[in-house]
4 protein chains.
Amino acid sequence: MEYDADAEIIRDAPEPPFQQLAGILRTRIQRGDWAPRRPILSETRLCEDYGLSRPTVRRAIAALVKEGRLFVVPQRGTYVADRSAPASEDESAE
Amino acid sequence: MEYDADAEIIRDAPEPPFQQLAGILRTRIQRGDWAPRRPILSETRLCEDYGLSRPTVRRAIAALVKEGRLFVVPQRGTYVADRSAPASEDESAE
Amino acid sequence: MEYDADAEIIRDAPEPPFQQLAGILRTRIQRGDWAPRRPILSETRLCEDYGLSRPTVRRAIAALVKEGRLFVVPQRGTYVADRSAPASEDESAE
Amino acid sequence: MEYDADAEIIRDAPEPPFQQLAGILRTRIQRGDWAPRRPILSETRLCEDYGLSRPTVRRAIAALVKEGRLFVVPQRGTYVADRSAPASEDESAE
DNA sequence: GTGGTCTAGACCACG
DNA sequence: GTGGTCTAGACCACT
């Protein structure tokens, strides 16, 4: 499923919030909101912007890390991977 | 990770500035910018050239000293070690 | 040098603030302000109570950890060691 | 020989400048310009205030350290000793 | 001029 | 909320 880069989180949608956020971020990365090897928004900032809790935000990030689109540097930040659109994987399935 | 000898410091990068500087200096030493037992640039000069603060520059130097590529003579300067390319080690560890 | 458990930090003193704080905490631990295996004040709290910055507080804690009087549990807190008064050591050395 | 606390350095006096400065500082310490365990002026500042070179200033300080009136903390500063007027010693002779 | 030391503050991931 | 990390700048003695 695709997501609009400027979509908002819909609480009672069929997809859980963390999946919606992952979809939004995936689109924003592909759109080029952040260049490879550059930091995306901090977890705190994502919480504020999308009205989500920390665990939810972390779950979305974890999904994108698993897909190879992001990588986390401990105590420093979350960055866009060099090859931001790796081989297609189970993006919607989980 | 390798660094170009003429690279500039990128604030936003996943690697912190002190690590980038260490990488640049490591490359410049191997390239032969300074002969063994000859002083490299002063800490003050490195601050100016790379737009960094003293502590950041000192941290980079400390890493190269630990690797055996440089040695510091208190109140006199920082020098290239005789054997400037010792066995590879964990260059990212602090 | 000994420190009063209720002493304040003196900026101008020959001993740097981080050393003064280490001395104060050392005295408070020996006095029994906190029981073994119980947390001392958080770093943030110590900053407020003594008017110091985080790095200064952390440096004092690091000294006491090195002495075996405290131990740090990452992301959880700083605790008094079981045997809170180990053999005397070089308390001024860093 | 005693010196006025507000005296200036006289180049062609019988006493060399470093001795004159030592005398002035001795008087200022006894007068209480700086409390015990508090820093006096930095070497750089003394150079400026009295129009002397660094070696000259350092020689004056060394004399007062030898007398037990001052003590130097490496890389930190020069401080007034706790007992600022110890047993009389060879103050003018050298 | 050099390197040495210390304090400061902001940002982060993490539980 | 916690501790972890990093950069910044001022001041010092010293050669």
Side-chain angles (χ1 to χ4, degrees), chain A residues 39-47 53-55 57-58 61-62 72-79, chain B residues 9 11-21 39-47 50-62 65 70-79 94, chain C residues 9 11-21 39-47 50-62 65 70-79 94, chain D residues 39-47 53-55 57-58 61-62 72-79:
Chain A
I40 66 168
L41 272 41
S42 73
E43 294 185 357
T44 303
R45 187 64 193 285
L46 288 171
C47 291
S53 71
R54 288 298 281 279
V57 165
R58 288 174 62 77
I61 290 175
V72 176
V73 179
Q75 314 295 23
R76 188 160 170 85
T78 304
Y79 298 81
Chain B
I9 305 296
R11 301 282 174 178
D12 254 4
E15 297 81 22
F18 87 89
Q19 238 175 60
Q20 296 180 47
L21 178 58
I40 66 168
L41 272 41
S42 73
E43 295 185 356
T44 303
R45 185 65 192 286
L46 289 171
C47 291
Y50 291 96
L52 298 171
S53 72
R54 280 286 297 286
T56 301
V57 166
R58 286 174 63 75
R59 213 170 159 186
I61 290 175
V65 167
L70 294 176
F71 64 96
V72 176
V73 180
Q75 317 295 24
R76 285 202 57 80
T78 303
Y79 299 78
E94 189 174 348
Chain C
I9 304 297
R11 301 281 172 176
D12 255 3
E15 297 82 20
F18 86 89
Q19 236 173 64
Q20 297 180 48
L21 177 58
I40 66 168
L41 272 42
S42 74
E43 295 185 356
T44 304
R45 186 65 193 285
L46 288 171
C47 290
Y50 291 97
L52 297 171
S53 72
R54 281 284 299 286
T56 301
V57 165
R58 286 174 63 76
R59 211 168 161 186
I61 291 175
V65 166
L70 293 176
F71 65 95
V72 176
V73 179
Q75 316 296 22
R76 285 202 56 81
T78 303
Y79 298 78
E94 188 175 345
Chain D
I40 67 168
L41 272 41
S42 73
E43 295 185 357
T44 303
R45 186 64 192 284
L46 289 171
C47 291
S53 72
R54 290 295 281 278
V57 165
R58 288 174 61 78
I61 290 175
V72 176
V73 179
Q75 315 295 22
R76 187 161 170 83
T78 304
Y79 298 82

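The sequence lines fix the lettering, A, B, ..., with proteins before strands; numbering per chain opens at 1. Values in this document were obtained by computation on a predicted structure and should not be read as measured data.
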How many whole angstroms separate atom CD of C/Q19 from atom P of E/dT7?
9 Å
Nucleotide nearest A/R58 (side chain, heavy atoms from C-beta), chosen from E/dC14, E/dA8, E/dC6:
E/dC14
How close or far is atom P of E/dC11 from atom CG of A/L41, stated in whole angstroms?
13 Å
Show the numbers, then the answer: is there a side-chain contact (heavy atoms from CB on, under 4.5 Å) between B/R59 and B/L21?
CA-CA 9 Å; B/R59 213 170 159 186; B/L21 178 58; over 6 Å; no
Gap between atoms CZ and C1', on C/F18 and E/dG4 respectively (whole Å)
13 Å
Whole Å only: how far is the CZ atom of B/R59 from the P atom of E/dT5?
16 Å
By nearest heavy atom, map C/T44 and B/P16 onto DNA chain F; which one lands nearer the 5' end?
C/T44
Is there a side-chain contact between A/V57 and A/C47 (heavy atoms, below 4.5 Å)?
yes
Atom CG of D/L46 to atom P of F/dC11: distance rounded to whole Å?
16 Å
Between E/dA8, F/dC6, E/dG15, which nucleotide gets closest to the side-chain atoms of A/R76?
F/dC6
State the dot-bracket string of DNA chain F. Criteria: Watson-Crick or G-U wobble, both atom distances under 3.5 angstrom; notation: ( ) intrastrand, [ ] crossing earlier pairs, | interstrand, . unpaired.
||||||||||||||.
Could you tell me how far apart D/I61 (CD1) and F/dC14 (C1') are, to the nearest whole angstrom?
12 Å
Assert: residue with more 5' nearest nucleotide on DNA chain E, out of B/Q75 and A/E43, is B/Q75
At what distance, to the nearest 0.5 angstrom, does CD1 of D/I61 lie from CD1 of D/I40?
5.0 Å
Could you pick out which residue, B/L52 or C/V72, lies toward the 5' side of DNA chain F when each is mapped onto its nearest nucleotide?
C/V72
Checking D/L46 against D/R58 for the side-chain contact (heavy atoms from CB on, under 4.5 Å) test, could you report, in this order, the C-alpha distance in whole Å, the side-chain angles of both residues, the deciding distance, and whether it holds?
CA-CA 10 Å; D/L46 289 171; D/R58 288 174 61 78; over 6 Å; no
Taking only side-chain nitrogens and oxygens of B/S53, does any of them come within less than 4.0 Å of OP1 or OP2 of F/dA8?
yes
Using a heavy-atom cut-off of under 4.0 Å over every strand shown, decide if C/R11 touches base, sugar-phosphate, or nothing.
sugar-phosphate
Tell me if a side-chain donor or acceptor on C/Q20 pairs with a main-chain N or O of C/E15 at a distance below 3.5 Å.
yes
Report the nucleotide, chosen from F/dC11, E/dA8, F/dC6, that has the shortest atom-to-atom distance to any side-chain atom of B/R54.
F/dC11
Looking across every strand, which nucleic acid part, if any, lies under 4.0 Å from B/P74 by heavy atom: base, sugar-phosphate, or nothing?
sugar-phosphate
Could you work out which one of E/dA13, F/dA13, E/dT5 sits closest to the side chain of A/T78?
E/dA13
Whole-Å distance between F/dC11 C1' and D/I40 CD1?
15 Å
All side chain to side chain contact (heavy atoms under 4.5 Å, CB included) counterparts of D/R76, not counting sequence neighbours
C/P16, C/P17, D/V73, D/Y79
Pairwise 5' ranking along DNA chain E for C/G51 and B/R45, keeping only the more 5' one:
B/R45
Nearest-0.5 Å distance that lies between atom CZ in C/F18 and atom CD1 in C/I9
11.5 Å
Just call it for B/P55: base, sugar-phosphate, or nothing, with non-hydrogen atoms closer than 4.0 Å on any strand.
base
In whole Å, what is the span from the CG atom of C/D12 to the C1' atom of F/dC12?
14 Å
Among E/dG4, F/dC12, F/dA8, the one nearest any side-chain atom of D/S42 is F/dC12
Find out whether B/P39 and B/T78 are in side-chain contact, i.e. whether some heavy atom of one side chain is under 4.5 Å from a heavy atom of the other.
no
